[in-house]
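Worksheet: the structure to be examined is printed underneath.
Positions are given from 1, in the same order as the sequence printed here.
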Amino acid sequence: MFTQDQLDKLKQVDMDSVTLEELVDINDVVIDEKLSQMKRLESYLEQIKNPYLFRHGKFMIKVEFNENGESLETLLGELIRQAAKEALI
């Protein structure tokens with residue numbers, strides 16, 4: 001699991017400082033629904049490397065959150081559920 005300092009550094013990574021090929025494609029992330037929610041989150045973070053900057057096919061995705069919005073955990077949980085649902089289709 002990441003520390004807060006590590007997450008803060010990952011959040012600051014500039015899209016112009018990386019190439020598309022360096023990023024993990026979210027389509028390659030596999031979530032085992034049999035795991036607990038915490039273990040699924042840990043697995044997701046391990047696989048995606050940077051939850052704030054990744055790719056989806058040929059697109060680079062930069063995730064930013066509003067301080068008054070939903071928590072990262074809530075949003076990542078939704079992302080994991082959606083990815084698992086799409087994998088079953």
Side-chain angles (χ1 to χ4, degrees):
M1 199 59 122
F2 293 107
T3 66
Q4 188 61 51
D5 283 343
Q6 290 170 318
L7 285 172
D8 290 341
K9 286 179 184 173
L10 291 172
K11 188 188 310 184
Q12 300 304 320
V13 174
D14 187 347
M15 291 175 71
D16 294 331
S17 70
V18 297
T19 65
L20 190 64
E21 293 75 25
E22 292 176 89
L23 300 175
V24 174
D25 191 325
I26 197 158
N27 293 311
D28 296 332
V29 174
V30 178
I31 304 298
D32 183 352
E33 289 191 53
K34 296 175 188 164
L35 298 175
S36 69
Q37 183 177 0
M38 182 58 75
K39 291 291 184 190
R40 288 190 306 247
L41 178 58
E42 287 174 4
S43 175
Y44 171 77
L45 291 172
E46 236 176 61
Q47 293 177 68
I48 202 70
K49 308 292 185 221
N50 184 342
Y52 299 103
L53 186 60
F54 51 89
R55 76 178 209 210
H56 183 277
K58 62 181 181 175
F59 299 100
M60 193 177 294
I61 309 294
K62 175 77 175 185
V63 178
E64 295 180 355
F65 299 94
N66 182 332
E67 283 189 31
N68 298 324
E70 293 187 65
S71 71
L72 175 60
E73 285 132 359
T74 300
L75 294 170
L76 284 175
E78 182 57 34
L79 183 61
I80 290 168
R81 282 189 289 282
Q82 185 64 31
K85 181 179 175 183
E86 289 178 10
L88 295 174
I89 294 176

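If you take CD1 on Ile31 and CZ on Arg81, they are separated by 11.5 Å, rounding to the nearest 0.5 Å. Rounding to the nearest 0.5 angstrom, the gap separating the CZ atom in Arg55 from the CD atom in Glu21 is 6.5 Å. Phe54 CZ to Met60 CE: the interatomic distance, rounded to the nearest 0.5 Å, is 11.5 Å. His56 NE2 to Leu20 CG: the interatomic distance, rounded to the nearest 0.5 Å, is 12.0 Å.
When all heavy atoms of Leu35 and Arg40 are compared, the pair lying nearest together is O-NH1, 3.1 Å. Smallest separation of non-hydrogen atoms from Ser17 and Val13: OG-CG1, 3.8 Å. Considering all non-hydrogen atoms of both residues, Ile80 and Leu41 come closest at CD1-CA, 3.8 Å.
For the residue pair Ser43 / Glu46, no side-chain donor-acceptor distance below 3.5 Å is found, with atom types taken as modelled.
Atom CD of Gln37 has 12 or fewer neighbouring heavy atoms from other residues, nucleotides or ligands inside a 6.0 Å radius. The number of heavy-atom neighbours closer than 6.0 Å to NZ of Lys39, taken from other residues, nucleotides and ligands shown, is 12 or below.
Annotation: side chain of Gln4 is not in contact with side chain of Gln6 (no heavy-atom distance under 4.5 Å). Proximity of Val24 to Gln47: side-chain heavy atoms (C-beta onward) are nowhere separated by under 4.5 Å.
The backbone N or O of Pro51 lies less than 3.5 Å from no partner atom in the side chain of Lys11, so there is not a single donor-acceptor pair. A distance-only check finds no donor-acceptor pair linking the side chain of Gln12 to the backbone of Lys9 [under 3.5 Å].
Following chains of ILVMFWY side-chain contacts shorter than 4.5 Å, one can reach Leu7 starting from Met38, so the two form part of one hydrophobic cluster. Hydrophobic clustering of Ile, Leu, Val, Met, Phe, Trp and Tyr side chains at less than 4.5 Å, counting indirect connections, unites Tyr52 with Ile26. A continuous path of Ile, Leu, Val, Met, Phe, Trp and Tyr side chains, each step under 4.5 Å between heavy atoms, connects Val63 with Tyr44, placing both in one hydrophobic cluster. A continuous path of hydrophobic side-chain contacts links Leu79 to Ile61 [ILVMFWY only; heavy atoms under 4.5 Å].
Tested against Ile48, the residues Val29, Leu10, Leu23 include a single side chain to side chain contact (heavy atoms under 4.5 Å, CB included) partner, Val29.
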